[in-house]
Amino acid sequence: MEPSKVFFTNLRATPTANLLDKMERLVKRAGIGSIDFEKQFVAIKIHFGEPGNLAYIRPNYAARMANLLRSMGAKPFLTDSNTLYSGQRANAVDHLRSAMENGFNPISAQCDVIIADGLKGTDYREIEINGEYCKAPKIGAAVADADIIVSMTHFKGHEQAGFGGVLKNLGMGCASRGGKMELHAASQPRIDTDNCTGCNICVKHCAHDAVHLNANRKAEIDYVKCVGCGQCVALCQYDGAVMGAGDTSENMNCKIAEYTQAVLKGKPHFHVSFIMNVSPECDCWNTNDAAIIPDLGIAASFDPVALDKACVDMVTNAPILPNNRLSDKHPHEHMEGQDKFHHMHPDTNWRAGLVHAEKLGLGTMEYELITV
């Protein structure tokens, strides 16, 4: 496979070319105009940021992207799916409020927001890929029904994946709540009978008729029927249904690659990554620690694997900043050439996801970096 082209622009600006202009110039140079957007529904997959976190992509960039897509005849919308954990983005009502609070509204972002997996995270499509880890990923319906996918990714660290890039933004970010459970869990869920209240929600929503209430009104799982989807865990409000053992970063990253394959299956797609405010952990937290490296720039490509690899290489080669989590561990080092994400999260294996994505044909880790 030939190297993929990854286009990059730094964050230097002039009175005649601000950063929004530079982003638009970058994506045009990278070839976004080669996609036929006329009358096509375009899902702009972005992370709205948990309220309290300030590291997410500014809505100004989303507005410029939405306007560019509209100028090419598209019908764009901003989207993300609900979270599995409790917080302010676990259902569509709270999620929309959070997005509006962080500036992703028709005024600031000049684009409507649609929560991909609906009110309670149960609006999804199963897209068959017959993967090694996931047979039919559960993708939020708004993303699954879109004609074209454009991702806008804040590149940063991640406590479970190692880093959060395009694959994480798409694979985890487009999964329904039950899909997120499948991504996190490497084995079938189990019932904690001490916490189970017999509310029956897991029974009602099990698509495989694998859960029932016993004589003591406690949930029980029929493991002959259970497929390990994790929908029961996603819906349980009492920690009665919980994840099984055997969860690893490697497994999760490989599953994320397969979910990304499902998201992009049969669709034109294009990706932009913002290597700025590179915080140690995900934007899902309600806070963000200080950035670990200087802001580097914006990169774009049709190849999500090459784009992630280019971004991680740029972070690897950058010096660390003072007064952050990484410099606390390495106070007298600049760390150029070192895997900063592994230093921050030693139990993670981000490379496994890229290797698996390459195996799936999503792209290549070989790339040519072209500066715009």
>> Donor-acceptor check, side chain of H334 to backbone of E336, threshold 3.5 angstrom: yes or no?
In response: no
> Listed by chain and number, what are the side chain to side chain donor-acceptor pair (under 3.5 Å) partners of S34, not counting sequence neighbours?
Replying inline: none
> Relative to the ring of F163, is the ring of F155 parallel (under 30°), tilted (30 to 60°) or perpendicular (over 60°)?
Replying inline: tilted
> Apart from L119 itself, what residues make up its hydrophobic cluster, given side-chain heavy atom links below 4.5 Å?
Replying inline: V93
>> Among residues at least two apart in sequence or on other chains, which ones pass salt bridge (Lys or Arg N to Asp or Glu O under 4.0 Å) with K120?
In response: none
>> Has N53 got a side-chain atom pairing as donor or acceptor with W285's backbone, closer than 3.5 angstrom?
In response: yes
> What pairs meet the side chain to side chain donor-acceptor pair (under 3.5 Å) rule with one or both residues in residues 291-308, with sequence neighbours excluded?
Replying inline: S4-D303
> ring-ring contact (aromatic ring centres under 6.0 Å, His included) with Y124: which residues, sequence neighbours excluded?
Replying inline: none
> Taking only residues two or more places apart in sequence, or in another chain, which ones meet L96 in a side chain to side chain contact (heavy atoms under 4.5 Å, CB included)?
Replying inline: M100, V113, I115
>> Restricting to side chain to side chain donor-acceptor pair (under 3.5 Å), what partner residues turn up for N214, sequence neighbours left out?
In response: E220
> Partners of A262 by side chain to side chain contact (heavy atoms under 4.5 Å, CB included), sequence neighbours excluded?
Replying inline: I127, I129, P137, I139
> Any donor and acceptor pair, going by atom type alone, linking the side chain of R125 with main-chain N or O of A141 inside 3.5 Å?
Replying inline: no
>> Please enumerate all residues that pass side chain to side chain contact (heavy atoms under 4.5 Å, CB included) together with N253, with sequence neighbours excluded.
In response: A161, S249, I256
> Got more than 12 heavy atoms from elsewhere within 6.0 Å of CD, E333?
Replying inline: yes
> For L296, which residues count as a side chain to side chain contact (heavy atoms under 4.5 Å, CB included) partner, sequence neighbours excluded?
Replying inline: I275, I293, M314, A318
> Do the side chains of V42 and F37 get nearer than 4.5 Å, heavy atoms only?
Replying inline: yes
>> Just so I know, are the side chains of K309 and Y367 near enough to count as touching, which here means a heavy-atom distance under 4.5 Å?
In response: yes
>> My understanding is that only residues two or more places apart in sequence, or in another chain, count here; which of them pass side chain to side chain donor-acceptor pair (under 3.5 Å) with H345?
In response: none
>> What I want to check is whether the side chains of H343 and H330 have a donor and an acceptor closer together than 3.5 Å.
In response: yes
> K218 side chain to T193 main-chain N or O, any donor-acceptor pair under 3.5 Å?
Replying inline: yes
> side chain to side chain donor-acceptor pair (under 3.5 Å) with R70: which residues, sequence neighbours excluded?
Replying inline: N67
> Are F341 and H158 close enough that their ring centres sit under 6.0 Å apart?
Replying inline: no
